[in-house]
Amino acid sequence: MLFTTPVFLFCFLPAVLAGYYLIPARLRGLRNLWLLAASLVFYAAGEPSFVFVLCASCLANWAAGLLVGPGRRGGRAVLALAIAANLALLFRCKYLVFAAGECNRLLGTGFHVPDIALPLGVSFFTFQAMSYVIDVHRGVSRPQRNPLDVALYVVLFPQLVAGPIVRYETVAEELRNRRETWDDVSAGVCRFAEGLAKKMLLANPLAVVADSAFDGADWIPAAAAGGPASTAMAWLGALAFALQIYFDFSGYSDMAIGMGRMFGFHFHENFLHPYAATSVSGFWRRWHVSMGTWFRDYVYFPLGGSRVATRARLLANLLAVWALTGFWHGANWTFLCWGLFHFTLIAAEKLAGWRPEGRGALRAAAGWLATATAVLLGWVLFRAASLGDALAFLRAMFGRGGVPLRDFASALLLREHAAVFAVAIPLCFPVAPALERLADRLCATPGRAAVRAVLRAVWLAFLFAASLSFVAKGAHNPFLYFNF
Amino acid sequence: MRNRLHQTVAAVALLSILALGAADGVVRLLAERRLEIPYRNGLPDGAREALVTFNGLLLRATGRRMVSGTRHADVLRLDNGQLALCPLARTGRLRRKAVRDIARALAGVRDELARSGTPLVFVLCPSKVPPGGVGLPAGMEDDDNLLADLLVERLGQNGIDCLDLRRRIAEEGLDHASLFFRTDHHWTPAAGLWAANETAAFLRDRHGFPADLSRTAPERFESRRIADRFLGSFGRRAGLGYAGSEPFDAVLPRFPTDFAFDVPQRSLHAEGGFAEAFLRGIGPTNSLYQASYYDSYLASNPPFVRIENRSGGNGRTLCVVKDSFACVLLPPLAIHYGRIVLLDPRLDPGLSLFRTVRDEGADAVLFVLNPNSLIRPNGFFGRRFLQPLPPDDAP
């Protein structure tokens with residue numbers, strides 16, 4: 001079930017909210033049980049056969065949590081076993097088909113290539129489960145005696161299928177002792193509406209442009225050599241995809257954070273205007289923060305991080321993290337190459353000591369331009385179906401491969417979606433917070449504040465209705481991070 | 001405090017929208033005292049239609065011309081405001097291959113029919129986009145007419161009789177757009193009457209099938225408004241707010257007619273005048289989005305229909321292979337003939353042309369089609385439709 005389907009918006013979410021708040025607040029366990037049941041129904045609606053594996057994973061990680069506490073005998077062995085089991089599940093679901101197929105292709109082996117459909121959100125809930133066991137082992141969190149609470153942490157539907165990857169320590173206390181308030185509920189509803197608007201009003205139209213450039217469309221003549229129809233189309237498609245993936249994923253995160261607040265949970269922010277970064281390292285401190293910090297805390301730091309004796313070791317640590325980051329996104333060489341591309345950029349920045357932040361506007365502008373271009377080119381690797389396709393696309397971007405400079409389709413697509421680009425590009429920067437601050441200054445008196453509150457509510461209601469109109473219409477609605 | 005205020009107001013507004021959407025179904029249930037709520041994909045019909053209308057307004061406000069929001073089968077607004085299907089970007093090679101295969105198949109049918117002296121005529125129905133791609137965005141290829149041009153050329157090369165109605169529209173100086181609904185890809189019943197007269201004249205002049213065209217002159221028909229507000233298939237996709245509605249007018253003869261209308265697969269039998277036979281079930285409905293008047297024409301486009309003219313046609317029998325464009329052409333055409341049998345092989349893969357020709361004693365076979373209908377992934381005719389009968393079973 002997607003957040004952007006009518007069934008979720010008009011049936012599931014209202015029913016879960018109503019049921020949740022009909023249970024008296026003092027019956028915390030019952031409220032948690034209701035949320036757990038709802039989350040399993042949510043997951044089963046999209047992945048009925050895998051829901052039992054999900055339950056088994058929760059149970060196994062809960063049991064491991066009881067055995068890995070600091071100072072417990074055999075804790076390290078159990079931790080290793082738990083991590084291995086989680087990774088094995090991830091490998092089996094996500095990488096086995098790819099690994100067997102590529103072995104057969106490259107090494108001529110004869111492995112059986114099983115037919116395994118990727119279960120929804122497997123990367124997210126596996127990482128969350130590992131986070132729980134590792135945090136308990138490190139003594140950061142106390143083990144949960146109640147398996148239902150561990151299960152609720154892992155399967156809580158707002159973040160189950162597309163993150164953010166909530167760390168156990170973030171919600172450990174709230175699982176038992178949260179206090180739901182109207183402030184949280186109302187803020188959560190608003191945040192959810194903003195996320196839905198990002199997804200439906202920006203990401204989805206941009207997806208049409210990106211998909212047309214990368215995959216072609218019925219009405220666009222195919223280029224003779226495959227790939228985009230022109231150089232203009234290639235740049236337009238790359239830009240559209242960069243914006244699409246940002247608004248798609250950050251919109252989903254907004255919805256998840258908003259729904260979490262509706263039920264009294266407070267998840268960390270996942271996106272901090274990444275496209276405003278002036279270095280690639282800065283970009284990764286702002287992009288998919290929950291994943292970045294996960295790899296930092298559970299892979300990079302344990303390997304020694306940047307506090308190592310030699311540059312070679314530093315590079316090896318970075319390489320490990322970025323290869324894993326790439327592969328985490330999908331079982332395809334394109335994702336690995338995308339990860340290695342970012343490894344190269346970050347390693348170069350670290351070795352060169354590149355830090356444009358706070359060193360003058362010109363340096364910051366140059367840093368932004370270089371970062372934006374590099375990230376844009378990286379997204380081509382990420383989006384392309386194969387390395388060959390990515391190469392053809394990149395060649396078209398730089399006028400190679402015999403494609404014309406422009407074509408009617410890119411002009412038409414740009415004209416059709418000009419309004420979307422005009423809104424999306426400024427929103428990549430901290431424009432909204434700046435406007436909020438300005439509005440705060442202008443509306444200092446109670447009367448003006450009330451007018452502002454009403455206007456803001458009307459605006460949000462308009463955005464919400466506009467988003468729902470696209471939901472109702474059932475327009476192009478892909479969720480990019482659904483399968484990661 | 002300020003945050004609290006706007007969040008509260010906004011949250012109440014947003015939750016109200018959700019509640020209204022869900023409540024719509026309940027209200028309908030109470031209003032109509034029905035036990036079933038018209039839900040589709042988790043959203044009550046009323047709420048969904050209101051949202052789709054609003055969506056249309058948004059698209060219109062942002063100046064969009066391509067309105068489905070998908071890469072496939074998008075709806076396109078032409079320069080004159082008409083909605084059309086975005087032309088496909090077929091390569092010339094693909095078009096040539098498709099047309100060559102169709103022309104070959106039709107030449108085979110023509111030869112087979114010639115054994116029993118039954119003529120074959122192809123009536124080419126025009127697409128919404130006028131020849132030359134007038135009204136398309138600059139640079140977009142006019143696939144429909146390129147395909148039609150190629151088909152006409154190939155049919156000519158194969159010696160197949162073809163009535164190209166696009167050419168007749170140009171020769172008569174008719175306004176192409178006025179022949180079509182603005183929000184639907186089909187032509188109007190009035191255009192269907194014009195096309196029926198053209199077809200009857202063609203059959204009379206080329207094949208000697210008698211037809212008194214003065215009987216079906218436009219002035220002998222009257223227009224009857226079925227609905228003031230009609231939303232065609234493209235309008236339903238784009239939303240009322242984008243497309244706006246238009247009236248739906250049927251054309252009915254002012255003189256008495258008597259038909260028998262049979263759809264054997266649905267056990268449907270109707271008798272009576274033009275309206276009773278052909279316009280059954282067409283009438284105003286509560287929802288613009290659910291009223292498809294054109295599709296209701298000719299009993300909702302069934303795969304096999306038999307029309308008996310009991311009020312003095314020329315006694316000849318036509319077997320017509322058709323797509324939906326024929327729905328408004330055939331009723332007035334039936335006035336000239338004794339019997340018309342309609343076949344749509346897309347809707348029933350078990351149909352056989354030659355068996356029908358034999359069983360019904362057809363005097364001529366017409367293919368009344370828009371060229372786009374012929375280009376389908378699995379072929380228009382299917383595997384069995386054009387298979388000749390065994391020698392001892394031939395017509």
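Proteins come first, then strands; the chains are lettered A, B, ... in the order of their sequence lines, and each starts at number 1.
- Between R64(B) and H417(A), the closest side-chain pair of non-hydrogen atoms falls below 4.5 Å.
- Residue A61(B): no heavy atom, backbone or side chain, is found under 4.5 Å from chain A.
- With rounding to the nearest 0.5 Å, the separation of CE in M140(B) from CZ in F408(A) is 4.5 Å.
- Counting non-hydrogen atoms of other residues, nucleotides and ligands closer than 6.0 Å to CZ of R65(B) gives a total above 12.
- By number of non-hydrogen pairs under 4.5 angstrom with chain B, the leading residue of A419(A), A466(A), A418(A), A411(A) is A466(A).
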Decide side chain to side chain contact (heavy atoms under 4.5 Å, CB included) for F470(A) and L58(B); before the verdict, give the C-alpha distance in whole Å, the side-chain angles of both, and the deciding distance to 0.1 Å.
-> CA-CA 10 Å; F470(A) 281 96; L58(B) 289 175; 4.3 Å; yes
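- For the atom pair CG (L59(B)) and NZ (K473(A)), the distance works out to 4.5 Å, reported to the nearest 0.5 Å.
- Heavy atoms of P87(B) lying under 4.5 Å from chain A belong exclusively to its backbone.
- Note on G63(B), G239(B), G139(B): by heavy-atom pairs under 4.5 Å with chain A, the leading option is G139(B).
- Of the atoms belonging to L412(A), it is side-chain heavy atoms, and not backbone ones, that fall under 4.5 Å from chain B.
- Contact check for E141(B) versus W219(A): no side-chain heavy atoms found under the 4.5 Å cut-off.
- Closest non-hydrogen pair, L51(B) versus S469(A), comes out as O-CB, 3.1 Å.
- Neither the backbone nor the side chain of L57(B) comes within contact range of chain A; no heavy atom of the residue lies under 4.5 Å from a heavy atom of that chain.
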